[in-house]
Amino acid sequence: MLLLTIQSFFSSLIPIFLFLFCHVRGVSASDYFEQLNLKPLPHLSLLASFDFRSNTTFSQFEAQSYRYFPRSLGQILQHVGTKELHLRFSLGRWDAESWGARPWDGTREGGTGVELWAWLEADTDEEADHKWLTLTNALSGLFCASLNFIDQTRTIRPAMSFRPEGDHPNSTLENTHLLHGVLPHEVVCTENLTPFLKLLPCKGKSGISSLLDGHKLFDASWQSMAIDIRPVCPPSGGECVLEIEQTIDMVLDIERSKRPRGNPIPRPPPGHDLKCNTSKPYHSGDTCFPADLLDSQDWTLDQVFGKTMKGTCPLTDPNVPPVCIQAPERRDVYTTGGVTEYKDPSGLSRCYQIPPDSEFSLVLPRMPREGENAKTDADEMVVPETPLLYAERSFTGHGQERGGVQSILTNPSPDTEVEFIYMESLPWFMRIYLHTLKTRIEGISGNNEDVIEEIYYRPALDRARGTQLELRMRIPPASTVFLTYDFEKTILRYTEYPPDANRGFDVAASVITILPSSDPNAPPARQKTSNLRTTSLLLSLPTPDFSMPYNVIIFTSTAIALAFGGLYNILVRRFVAADEGPEVDVTGIKGKIIHGVMGLLKKIKGAKGKLE
Amino acid sequence: MSSLSEDPTSTTTITTTTSDNNPSTDNNTKRRKQPPPETPSHIRRRSFIIASFWAIVLFLGLPIWWKTTTIYRADLPLGEMMDWADGKACSPEFPIRVAIDAPDVQANEAESLVRETQQTLDAMKDFPGHRIRLEIPETPMDRAASLNPNSNTALVIRLKQGDAIATTLHPHLPILEVTYPSDSIVPGTSAASSLSTYLATELRSTFSEEQAIMSYLLATSSIPSERRPQDFSQQITESLSKRMTRSLKYSRTYHLTFSLFTSGPSPNSWEIEEAVRQYMDPVLNMLNSIHNFTIDTQVQLYATPGVQSQVLTKEDLSSFINAAEWPLSPSIGGAPTVNFVVYIGNQTIGVGSESETSQSWLIPQWGSVYLLSPPPTDYVPAELLKQPILTFTSHLLSLLGTPQSGSLPMRLSTLTRIRSADLLLRASSSLGSLARLSLALPSISIPPSVADGVAKSMHHLELACASSTSSNNGLEHARIAEEEAERAFFEKSMVGQLYFPDEHKIAVYLPLLGPVGVPLLMGLLNEIRAWKKRRAEKQKAA
């Protein structure tokens with residue numbers, strides 16, 4: 001979709017300055033696009049969203065001539081007939097209560113760990129499974145992740161949750177298969193970032209990608225790396241292109257990021273550096289109420305990322321500003337020299353055009369909270385949008401045998417209901433009882449209608465596949481739904497336990513797809529599909545004592561030996577009176593031993609005598 | 001049992017009936033009472049009990065234990081496999097068929113010329129695996145067919161009348177043109193014999209490189225030394241071994257990857273499809289009968305080489321490719337990848353070796369690198385790529401192991417024969433290794449898939465051996481044989497149970513076998529002793 005909005009505004013006082021602000025979204029004229037969006041968040045957090053897009057025409061893709069599209073990935077796609085691919089590496093938890101709505105409406109993030117879903121072209125289900133196996137193995141090598149552990153038990157075929165994002169001709173959509181796999185246990189780390197950066201044309205050497213650094217990225221409070229590959233056809237006709245979009249979103253804790261690299265260990269600040277809230281009545285030399293969270297943000301780009309940005313990537317369209325920050329107009333933002341600033345007419349964001357070969361940094365100074373020009377929170381940062389839905393999920397129950405899951409879904413909107421699909425992909429060893437699936441609604445009283453509209457359930461098969469549960473739900477305005485179900489824990493086989501069995505087993509995040517509103521007058525945020533994921537859960541299963549096999553061997557052997565020995569001896573021995581049997585006493589044994597030793601000594605002496 | 005109640009320590013006095021061979025009993029018997037004699041039915045019953053316990057252990061326990069703990073070992077034809085490895089099963093013979101095209105010469109004259117030349121050739125005592133066979137195409141159709149590049153004929157000798165004896169090798173076709181004076185063709189004359197000798201020498205020198213390579217292959221194979229040819233110099237071996245280690249493993253398909261690496265943001269596009277189409281495709285089409293190729297290209301910007309110095313020395317060349325950062329992963333699919341890297345930069349090579357130009361070098365079994373000076377624009381046109389692509393083409397030929405002398409069709413037909421021989425020898429040696437492995441490690445399991453692979457491999461080896469005269473079939477069979485042999489040798493499940501230490505077995509068996517085995521064994525021994533004693537008493541009585 002080409003959405004070209006040319007917004008120009010004239011400064012009424014100085015009509016000479018004309019700011020032409022071009023914001024290009026969708027298929028751009030250039031084959032490569034990159035942009036960094038910074039958004040200060042409450043509680044001294046900063047959201048940084050990196051967006052990289054490159055594309056290749058289908059004819060070039062078929063001919064295997066790769067320019068901006070990475071060859072290693074392109075060949076995998078071609079080899080397994082992948083029509084669309086989405087790969088996510090995520091870490092941490094998005095704090096929706098304080099940070100508000102998710103970046104990209106949640107469509108560019110995954111559950112904790114690694115998540116992969118793709119549309120594969122195949123005639124039969126078996127062929128699709130086979131291709132999926134090849135795909136996961138190939139991607140596993142490319143991204144240094146254990147994607148090859150996405151086997152049949154971790155793969156599902158979502159029925160309602162995911163829709164293709166790209167423009168596919170109807171003929172190919174008919175025999176494509178959607179497969180979805182998730183690895184919640186995977187720890188995303190630096191070794192996954194390096195191959196991610198290798199896929200970019202500018203390789204992290206120039207442009208916004210030069211800011212990316214594994215130490216900062218994986219130190220973030222929340223981060224999500226995403227790769228989306230989809231065919232895009234321009235609405236005006238013309239050749240379709242295959243687009244790869246790589247995004248990295250991270251929420252940096254500013255205080256933690258500003259810690260110098262040479263001194264990364266957190267230490268308590270000395271007393272004179274403590275920021276105290278002096279308004280407290282008990283404030284004195286030795287009592288201090290920390291005032292950190294009330295303080296205003298004060299950071300520079302090179303402080304939080306650990307390095308400055310090295311110019312721009314020359315492959316991008318020079319009209320697209322590479323860096324934008326979402327901050328109110330009253331917020332002071334300074335930049336390095338030679339940088340042009342474009343302000344958005346809404347007054348909520350501004351973008352920076354950077355000269356190609358100069359280093360770039362942003363400086364956000366501390367805003368005075370007292371005195372003449374005192375600023376408030378509203379002056380400092382854009383108030384986060386309220387998300388369409390809050391979701392959290394946790395385990396209930398106790399013991400090693402049974403448990404329960406409770407999801408709390410809250411619709412914060414006072415007047416609009418929200419319709420969504422709730423999807424769970426559960427491991428096979430968590431046997432859920434569907435008849436215990438219950439919903440309880442709180443909020444608007446007297447509304448007892450069932451919130452679940454449709455259920456798609458595919459039960460698990462032991463060691464063959466996991467449970468797939470998809471629910472279409474509708475939550476009325478300003479109410480909370482408690483969704484609960486019970487499950488039984490399975491005892492695994494001895495070899496099926498991982499080395500750290502007592503840590504527990506990760507259960508993948510549930511995926512919530514909020515369906516677009518059918519009302520044409522709905523606000524833009526409700527007009528498109530958005531996503532939401534709960535956190536992953538840690539399920540503790542009954543674990544055996546792992547030295548058990550040896551204990552069993554020893555124990556049963558002893559039992560058998562006791563029984564057998566007694567039985568056998570009774571059967572084959574003859575019992576006689578005590579005075580009828582041979583006499584056995586200690587002196588007899590002693591005499592025997594002495595006799596033996598003497599004999600031995602005699603023999604040795606004899607041998608010596610012979611030698612002489 | 002009454003004694004038990006009388007004496008609390010009486011448990012020690014419960015003994016077997018056969019305790020009388022204790023040395024101290026002789027003294028005790030005087031003081032102690034003898035137990036009442038046992039009835040024969042009791043003795044017989046005890047024997048039956050012991051016998052039945054042992055029968056259960058031997059005829060039920062042991063077979064079950066054997067059945068459940070035995071490692072599956074499929075039957076391998078070890079003898080035949082060793083025969084292949086020793087070169088006994090098939091002496092690889094690659095006759096080179098040379099057709100004589102002599103339209104002006106009468107049939108009987110030509111025949112006698114062929115006979116004499118063949119005699120001379122046979123007398124030259126080459127090793128038996130490599131023999132030149134002369135033949136005369138009988139019909140014009142055969143003659144036309146022999147010029148077909150896919151035919152089995154390696155070379156056509158075209159005889160032409162002329163003033164003196166002279167030969168020229170056709171630059172593009174496998175034709176050796178020989179001019180001869182008219183009198184030298186008459187059979188029986190000295191001139192005729194000199195012509196045949198001349199022809200034989202010419203032929204031999206034409207195929208000398210192939211012969212050297214064949215000898216080298218046999219020499220480095222697993223075939224024992226007495227069955228190999230002996231006569232070739234150390235120097236030739238060295239140069240050949242250099243060339244052979246440089247070449248890639250044989251495969252039906254190769255992926256060719258052309259990569260443009262630049263140190264900065266420009267140039268970022270190149271006309272590679274056009275350049276490959278113009279300068280490389282003709283050679284690729286000729287290679288079609290032996291190999292298939294897939295081509296992919298990529299552009300990589302901001303690539304830092306492994307060596308930063310301005311002038312590259314010979315040592316630098318091996319570390320120039322920055323394997324950690326450059327995305328040169330092999331193409332997906334089973335076939336090997338050949339990398340051709342064009343690096344845009346001002347670096348030059350200090351002292352190149354004799355065969356390489358100062359801008360490119362070949363990386364054995366991997367590909368080739370070409371340093372191109374930066375073009376003025378950020379676009380590399382096809383004309384600039386001509387020299388790199390031509391260099392890559394020649395490097396490709398040497399990476400494929402093509403011999404260096406002769407016209408291209410001749411080199412390719414030689415390549416076919418060399419590759420067949422090479423694959424045949426490799427497959428045989430893999431089979432030999434597998435046979436030795438299975439003999440050396442008795443505890444390794446051999447799944448049926450290995451036996452299957454070995455059978456297939458041997459079947460195709462036989463076919464390849466039989467059809468080594470018709471080169472292309474032979475190559476295909478040799479390829480399958482090699483593939484199957486490798487697959488059998490590298491079977492994953494064979495390695496899994498290789499290490500199951502004996503201590504482990506003892507730990508498992510001892511707790512059971514100790515307490516159960518000792519009473520069983522002691523019972524048996526005592527019973528045997530008692531039986532001997534009874535027999536001795538019986539004899540005394542008798």
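Chain identifiers are assigned alphabetically (A, B, ...) following the order of the sequence lines, protein sequences preceding nucleic acid strands; residue numbering begins at 1 within each chain. Side-chain atoms are counted along with the backbone in the values below, which use heavy atoms only and exclude waters and symmetry mates.
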A.B. asks: For chain B, find which of A:Ser72, A:Ala138, A:Cys202 contributes the most heavy-atom pairs closer than 4.5 angstrom.
C.D. replies: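 Top count of heavy-atom pairs under 4.5 Å with chain B: A:Cys202.
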
A.B. asks: With B:His255, which of B:Thr294, B:Asn339, B:Thr337 fulfils side chain to side chain donor-acceptor pair (under 3.5 Å)?
C.D. replies: B:Thr294

A.B. asks: Among residues at least two apart in sequence or on other chains, which ones pass salt bridge (Lys or Arg N to Asp or Glu O under 4.0 Å) with A:Glu496?
C.D. replies: A:Arg463

A.B. asks: What part of B:Leu510 lies closer than 4.5 angstrom to a heavy atom of chain A: side chain, backbone, both or neither?
C.D. replies: neither

A.B. asks: Check whether B:Leu520 gets within reach of chain A through its side chain, its backbone, both or neither, counting any heavy atom under 4.5 Å.
C.D. replies: both

A.B. asks: Go through B:Ser329, B:Ser259, B:Pro327 and name the one with the most non-hydrogen pairs under 4.5 angstrom from chain A.
C.D. replies: B:Ser329

A.B. asks: For chain A, which candidate among B:Ile49, B:Val299, B:Thr257, B:Thr297 shows the most heavy-atom pairs at distances under 4.5 Å?
C.D. replies: B:Thr297

A.B. asks: Taking every heavy-atom pair that is under 4.5 Å apart, which of A:Arg67, A:Gln60, A:Gln64, A:Arg71 has the most such pairs with chain B?
C.D. replies: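 Among the listed options, the one with the most contacts to chain B is A:Arg71.
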
A.B. asks: Examine whether an atom of B:Phe258 lies under 4.5 Å from a heavy atom of chain A, and if so say whether it belongs to the side chain, the backbone or both; otherwise answer neither.
C.D. replies: neither

A.B. asks: In terms of heavy-atom proximity below 4.5 Å to chain A, should B:Pro330 be classed as side chain, backbone, both, or neither?
C.D. replies: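 Just the backbone, heavy atoms under 4.5 Å.
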
A.B. asks: With no hydrogens and no angle check, just 3.5 Å: does a side-chain donor-acceptor pair link B:Gln298 and B:Gln300?
C.D. replies: yes

A.B. asks: Strictly by modelled atom types, are A:Asn148 and A:Ser140 linked by a side-chain donor-acceptor pair under 3.5 Å?
C.D. replies: yes

A.B. asks: Applying salt bridge (Lys or Arg N to Asp or Glu O under 4.0 Å), can you list everything that pairs with A:Glu127, at least two apart in sequence or on another chain?
C.D. replies: A:Lys131

A.B. asks: Begin with the C-alpha distance, continue with both residues' side-chain angles, and end with the deciding distance and a verdict on ring pair (Phe, Tyr, Trp, His ring centres under 6.0 Å) for B:Trp270 and B:Tyr379.
C.D. replies: CA-CA 6 Å; B:Trp270 57 339; B:Tyr379 170 75; over 10 Å; no

A.B. asks: Check for a donor-acceptor pair, side chain of B:Ser251 on one end and backbone N or O of B:Thr253 on the other, with a separation under 3.5 Å.
C.D. replies: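 Such a contact is found between B:Ser251 side chain and B:Thr253 backbone.
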
A.B. asks: Which one wins on heavy-atom pair count under 4.5 Å against chain B: A:Cys313, A:Ser557, A:Gly141, A:Gly204?
C.D. replies: A:Ser557

